[in-house]
Number of protein chains: 2
Amino acid sequence: PLRVCVCAVVDESNGKVLVVQDRNKTTNAWKFPGGLSDLGENIGETAVREVFEETGVRSQFCSLLSVRQQHNHPGAFGMSDLYLICRLSPLSFRIDFCTQECLRCEWLDLTELAKTSETTPITSRVARLLLYGLENGFQNIDLTMEQMPAVYSGRFYQLYHRRLVFFNQETFTGEAQ
Amino acid sequence: PLRVCVCAVVDESNGKVLVVQDRNKTTNAWKFPGGLSDLGENIGETAVREVFEETGVRSQFCSLLSVRQQHNHPGAFGMSDLYLICRLSPLSFRIDFCTQECLRCEWLDLTELAKTSETTPITSRVARLLLYGLENGFQNIDLTMEQMPAVYSGRFYQLYHRRLVFFNQETFTGEAQ
C-alpha cells in the first residue's frame, strides 16, 4: 500500500496556492504537487522535499488537513493507496519546476482553483477547504498535531486529531478530564 | 511503511470501550484492539475484521478520529509506521478473545481508561478524546468522510477531513463557495 503526500502550499499574503499540471496525463488538470514517502521520512519531510523537487519552491510544513483512501486503483495490484493532504507555507516564491514531471506550474488564486473545471474533484474540494481556512482561520481546518512519547522505544510520535474547543475557548490540551 | 488500524469500539449506551492487554509485552497496559491492513482493504474493513479476530466482538465502522505517525521505530528497519485511529460502534457485546494475542480483554469505562496509569500515553489521549465525544457529541471529534469520484479510474475514494460548520450551523458540504 502506497503512502502519498499531497501538498497545498498556500501564500497567506495573497491567497495564492502552488499548482501543477502533470506532463503525462491526457487531461491537463491543475493539481497540488506531491509524491511518495521515502523510507523513514515523516509526513512533513516528504511534503517539503516533494514540493521542492517538483516546483523549486522552498516551504515549511504547517499541518495535516485530510486523509484520502482510494480503493482498488487499477494498476495498483489490489492495494489501496493512502493520500495525506498537507498544508505548507512558502519560504521562497520563484518557480523552477521539474520539466520531466510537469507541463505547467503556477501560483493560482485559491478562489479560481475552487471554481475552475480544469481540476480534479479532490483538488477542488481541498481548494474550498483551504479557502475556508484562509477566510476564517486555518485553525478551523487543520488537524492538531501533538508530539507524544512512545512507551517501549522512548522515542516520539506525532498524533493528529481534531482540536477541541471548550466554551471558554481554551484548547483541549489533554490535561483536562 | 506499515499501516495499522487502531480500533476504539465505544458503547454509547453505557460509556464503555473495548480494551485488551497484549500477551507478549512486559507491561500489562490496556490498549485498543487493532492490527495491520491486508492488501485491498479500506480502513473500515480492517478495523471491523481486526476487532472481531482479536476480541470476538462484531462492530461497525463509524469514523476516522486520528492519524499517528511513529518515527524510526526500532525493529522497523527505518520505516515510519502510520496508525489510523478509528471509532467503531458495537453490534455484539460478548467477548471471546484471541488467547494467542491477548492476556485480557474487557469492556472498560471510558472515564476509568482516561485516568488509569495502566495504559499507554496514546490510549489515554484517545480515551480523553472519546470521552469528550461521548459527552459533547461525536461530531466534535470525528473527521468527516466524503465519498468522491476518481477522475481517471471512474472509481470512488474516501476523503476524511474536519467538518466545517458555518454560523447558521449548516455543515460544509462542498457545494458552498
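Lettering follows sequence order; numbering is per chain, from 1.
Checked against A:His161 for a side chain to side chain contact (heavy atoms under 4.5 Å, CB included), the options B:Leu65, B:Leu129, B:Val67, B:Leu64 give a single hit: B:Leu129.
Residue A:Glu53 places its CD atom among more than 12 non-hydrogen atoms of other residues, nucleotides or ligands, all under 6.0 Å distant. Annotation: A:Gln139, atom CD; neighbour count of heavy atoms from other residues, nucleotides and ligands within 6.0 Å is above 12. For B:Arg58, the CZ atom is loosely surrounded, since the number of other residues' heavy atoms within 6.0 Å does not exceed 12.
For the pair A:Arg162 (side chain) and B:Asp142 (backbone), a donor-acceptor distance under 3.5 Å is present.
Looking at every heavy atom in both residues, B:Arg125 comes nearest to A:Leu159 through CG-CD2, 3.7 Å.
No continuous path of ILVMFWY side-chain contacts below 4.5 Å connects A:Phe52 to A:Phe32, so the two sit in separate hydrophobic clusters. A chain of hydrophobic side-chain contacts below 4.5 Å, direct or via other Ile, Leu, Val, Met, Phe, Trp or Tyr residues, connects A:Ile122 to A:Leu130.
Rounded to the nearest 0.5 angstrom, A:Gln147 CD and B:Gln69 CD are separated by 10.5 Å. For the atom pair OH of A:Tyr160 and CG of B:Leu82, the computed distance is 9.5 Å after rounding to the nearest 0.5 Å.
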